[in-house]
Student: 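Before anything else, here's the structure in question.
Side chains included, hydrogens not; waters and symmetry mates left out as well; all remaining heavy atoms used. We name chains A, B, ... by the order of the sequence lines, and we start the count at 1 in each one.
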Amino acid sequence: MDITEYIKLVFTDYTLRTITMGTAILGAVTGMLGSFAVLRKQSLLGDAISHAALPGIAIAFLITGTKDTNVLLLGALISGLLGTFWIRGIISKTHLKSDTALGLILSLFFGFGMLLLTFIQKQPNANQAGLDKYLFGQAATLVESDVWLMAIVTGICLFVLLLFWKEFKILLFDADYTKTLGFNTNFIDVLITSFIVLAIVLGLQTVGVVLMSAMLLAPAAAARQWTDSLGIMVFLAAVFGAFSGVFGTAISATQNNLSTGPVIVIVAGVFVLVSFVFSPSRGLLFKQIRFIKNRRDLQLHNTLAFMFRIAETHENISHPHAIKILNNFQGFTKGTLQKLVRKNYVKLDGSMWSLTEEGFKIASNLYNQQSDNNE
Amino acid sequence: MEQKIAVKVDDLTVAYNYKPVLWDIDLEIPEGVLMAIVGPNGAGKSTLIKSILGILKPIAGSVSIYDKPYDKQRSLVAYVPQKGSVDWDFPTTALDVVMMGTYGSLGWIKRPGQKEKKAALEALEKVGMLPFKNRQISQLSGGQQQRIFLARALVQNASIYFMDEPFQGVDATTEIAIINILKELRKAGKTVIVVHHDLQTVPEYFDWVTFLNVKKIATGPVKDIFNDDNLTKTYGINYKVSIQE
Ligand SMILES: Nc1ncnc2c1ncn2[C@@H]1O[C@H](COP(=O)(O)OP(=O)(O)O)[C@@H](O)[C@H]1O
Ligand SMILES: [Mg+2]
């Protein structure tokens, strides 16, 4: 299938449209909530929640015997919440670091979940196959009601986010201070964490346990690079997440047999990569360019200041001096000299240089500044 | 002279693990003093403030603000946390941080409006940070960040201010600016409690002092108790500071 055919299909084909909508909404809600996990530096949280959800899926199947998505995800939600609040309990009651508690619960629940999955697979029951799709997700199984559920949860989440925006913001920035103002920080924290659990559980069917945390972190980490405003960051993260879903679905639909979840995660990863390199204020590329430019400017200023000190000793500031003198000076290069000439600060005449009127003025300012700074 | 007690701490004991970090602290802070809390690193100065403000739960003891529990008196108290306790790379502006000082009086859900913004701008003006109101907070110097924190507390318009090392990492100009604001607060009848590190400036800046090292060593007027004896008891070594008359 090529791109034009794909675009036609998105609007006509029910299955493809459902999957595209589903992954877009999922990307948006996880991106939105992921901003909070990223800003609290809880990058392991998403991983812990999704892995903690696995045994719930297995137990829900063992109890009910159905493979109905809603039933299994309800199981996932319960064990996800259980795991998450267990982590909170461990952190507040013992003195384990939060990383340790997260890692501990993550491996404990995941190990238990895997154990149950293997057990289920050994059962002589024709119905058992297919639970392992929750490990890596299978977007193709999305139906319209799944998408509706995602849309409703996203809507509620957006509403709560807007309602408690001020409380979320201040808690993220300064939890102790928030407490002194009389806000119940536990409540705010439980609220946001519950929504993160909900969003992750909704994504298990599409992206799976193993890669789900990338959906939470990648769009938010990318968004952080482009803005210094929390509101814009959350918005951008939702947009990046949604696009990851759409592009990922498109790529996997046009390239036969590529499974959707991992492709979505890779697209989200590309967003991160591009953002970390190309963001104007925080990106590596512009940082490097600024660094080189600053170093050049410094060289230029130092050379000019050095020339000024020599020129100063003469009545006539434009008195010519030998270029050789400058060789004593470390910052001096031919390029620097050329640049000073181009800026009309310096005149060259054979092997001699002299400051121009303008160059002298600029240099005297610089020189005074430099000696001020040294005091 | 009958003086009201602004803050009263009774038998306060606090522990993070098993070993108490604060041990049986009794403290009475009279209204209207500008008080320094001094003690070596790890003495429990921050812990004391956090326990008074209900951020930490003590093992034993009680705290009252003007004879009532802290819960009932929140609106009377403002807090300036240690600068290092937050992530200054957080995506927000100086004005936005100062506005947070109004969140307590706003309560749940209600958003700050024009009135709150005006108060925040006034506080920024007071600490000389108005030109930087739209700066991202990571683009501020350490001293400027400290001023922002101070402005956030000023917006609360409280009666009692707790400040944890407001002079940490600030330049001389900022230090003078801050101490002038603190003295102004005292002049307005407020009670100001400051964790302070530079012993040399204690007599110049403060009129009241508490020596703390797990236990309370002494508390009282600077002119009466700020002496080598108490310093040695607090810091362990033979401590000598020259106190200017
Ligand atoms: N969150 C914490 N968990 C465990 N121990 C802590 C914690 N915070 C502080 N401490 C310990 O409590 C003691 C007092 O700390 P603190 O109140 O910060 O001292 P100060 O502010 O006087 O430097 C120190 O020994 C410190 O190591
Ligand atoms: Mg401290």
Student: Of the backbone (N, CA, C, O) and the side chain (C-beta and beyond), which part of A/Arg282 lies under 4.5 Å from a heavy atom of chain B, both, or neither?
Tutor: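 Contact with chain B is through the side chain of A/Arg282 alone.
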
Student: Between B/Gln82 and B/Ser46, do the side chains contain an N or O donor and an N or O acceptor separated by less than 3.5 Å?
Tutor: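 Short answer, yes.
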
Student: For chain A, which residues from residues 142-175 of chain B have at least one heavy atom closer than 4.5 Å to it?
Tutor: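 The residues closer than 4.5 Å to chain A, in numerical order, are B/Phe149, B/Arg152, B/Gln156.
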
Student: How long is the gap from CG on A/Leu216 to OG on A/Ser50, to the nearest 0.5 Å?
Tutor: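 So the gap between those two atoms works out to 9.0 Å.
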
Student: With a 4.5 Å heavy-atom cut-off, do A/Leu26 and A/Val207 have their side chains touching?
Tutor: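 Touching, per the 4.5 Å side-chain cut-off.
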
Student: Do A/Phe271 and A/Pro219 have side-chain heavy atoms sitting under 4.5 Å apart?
Tutor: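 They are not in side-chain contact.
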
Student: Which pair of heavy atoms, one from B/Arg186 and one from B/Gly32, lies closest together, and at what distance?
Tutor: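 Residues B/Arg186 and B/Gly32, closest heavy atoms: CG-O, 3.3 Å.
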
Student: Is it the case that more than 12 heavy atoms not belonging to B/Tyr66 sit under 6.0 Å from its OH atom?
Tutor: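 For B/Tyr66, atom OH is crowded (more than 12 foreign heavy atoms under 6.0 Å).
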
Student: Just to be sure I understand the criterion: a residue of residues 166-190 of chain A counts if one of its heavy atoms is under 4.5 Å from a heavy atom of chain B. Which ones qualify?
Tutor: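 The residues closer than 4.5 Å to chain B, in numerical order, are A/Lys166, A/Glu167, A/Lys169, A/Ile170, A/Leu172, A/Phe173, A/Asp174, A/Asp176, A/Tyr177, A/Lys179, A/Thr180, A/Leu181, A/Gly182, A/Phe183, A/Asn184, A/Phe187, A/Ile188.
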
Student: Output the option from B/Val80, B/Val86, B/Val97 having the highest count of non-hydrogen pairs under 4.5 Å with chain A.
Tutor: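 That would be B/Val86.
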
Student: Of all the heavy-atom pairs spanning B/Val21 and B/Gly44, show the shortest one and how long it is.
Tutor: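 In this case the closest contact between B/Val21 and B/Gly44 is CG1-CA, 4.1 Å.
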
Student: Please identify, among B/Gly104, B/Ser105, B/Pro91, the residue contributing the most non-hydrogen atom pairs under 4.5 Å to chain A.
Tutor: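 With the most close heavy-atom pairs to chain A, the winner is B/Pro91.
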
Student: Quick one: does A/Ile49's side chain get under 4.5 Å of A/Leu106's, heavy atoms only?
Tutor: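 A side-chain contact is absent here, since even the closest heavy-atom pair is not under 4.5 Å.
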
Student: Search all heavy atoms of A/Val38 against all heavy atoms of A/Ala220 and return the closest pair with its distance.
Tutor: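 Minimum heavy-atom contact is CG2-CB, 3.6 Å.
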
Student: Is it the backbone or the side chain of B/Asp89 that comes under 4.5 Å from a heavy atom of chain A, or both, or neither?
Tutor: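 Its backbone and side chain both get close to chain A.
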
Student: Would you say A/Ser35's side chain and A/Gly31's backbone share a donor-acceptor pair under 3.5 angstrom?
Tutor: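 Indeed, once roles are kept as given, a pair shorter than 3.5 Å links the two residues.
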
Student: Measure from the side-chain N and O atoms of B/Lys190 to the backbone N and O of B/Leu185, and report whether any donor-acceptor pair falls under 3.5 Å.
Tutor: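 No.
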
Student: Compare every heavy atom of A/Ser43 with every heavy atom of A/Leu217, then report the nearest pair and how far apart it is.
Tutor: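 Taking every non-hydrogen atom into account, CD1-O, 3.3 Å.
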
Student: Side chains of residues 55-65 of chain B: which donor-acceptor pairs under 3.5 Å do they make with residues two or more places apart or in other chains?
Tutor:
none

Student: Pick one of side chain, backbone, both or neither for B/Val77, based on which atoms fall under 4.5 Å of a heavy atom in chain A.
Tutor: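 Neither part.
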
Student: I need the contact set between residues 111-141 of chain B and chain A: heavy-atom distance under 4.5 Å, sorted by residue number.
Tutor: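 So far as heavy atoms go, B/Arg111, B/Pro112, B/Gln136, B/Ile137 are the residues that approach chain A to under 4.5 Å.
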
Student: Any idea which heavy atoms bring A/Thr30 and A/Met215 closest together, and the distance?
Tutor: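 Heavy-atom minimum between the residues: OG1-O, 3.4 Å.
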
Student: Considering all heavy atoms of both residues, which atom of B/Pro20 and which atom of B/Thr13 are nearest to each other, and what is their separation?
Tutor: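 In terms of heavy atoms, the two residues are closest at CB-CG2, 4.1 Å.
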
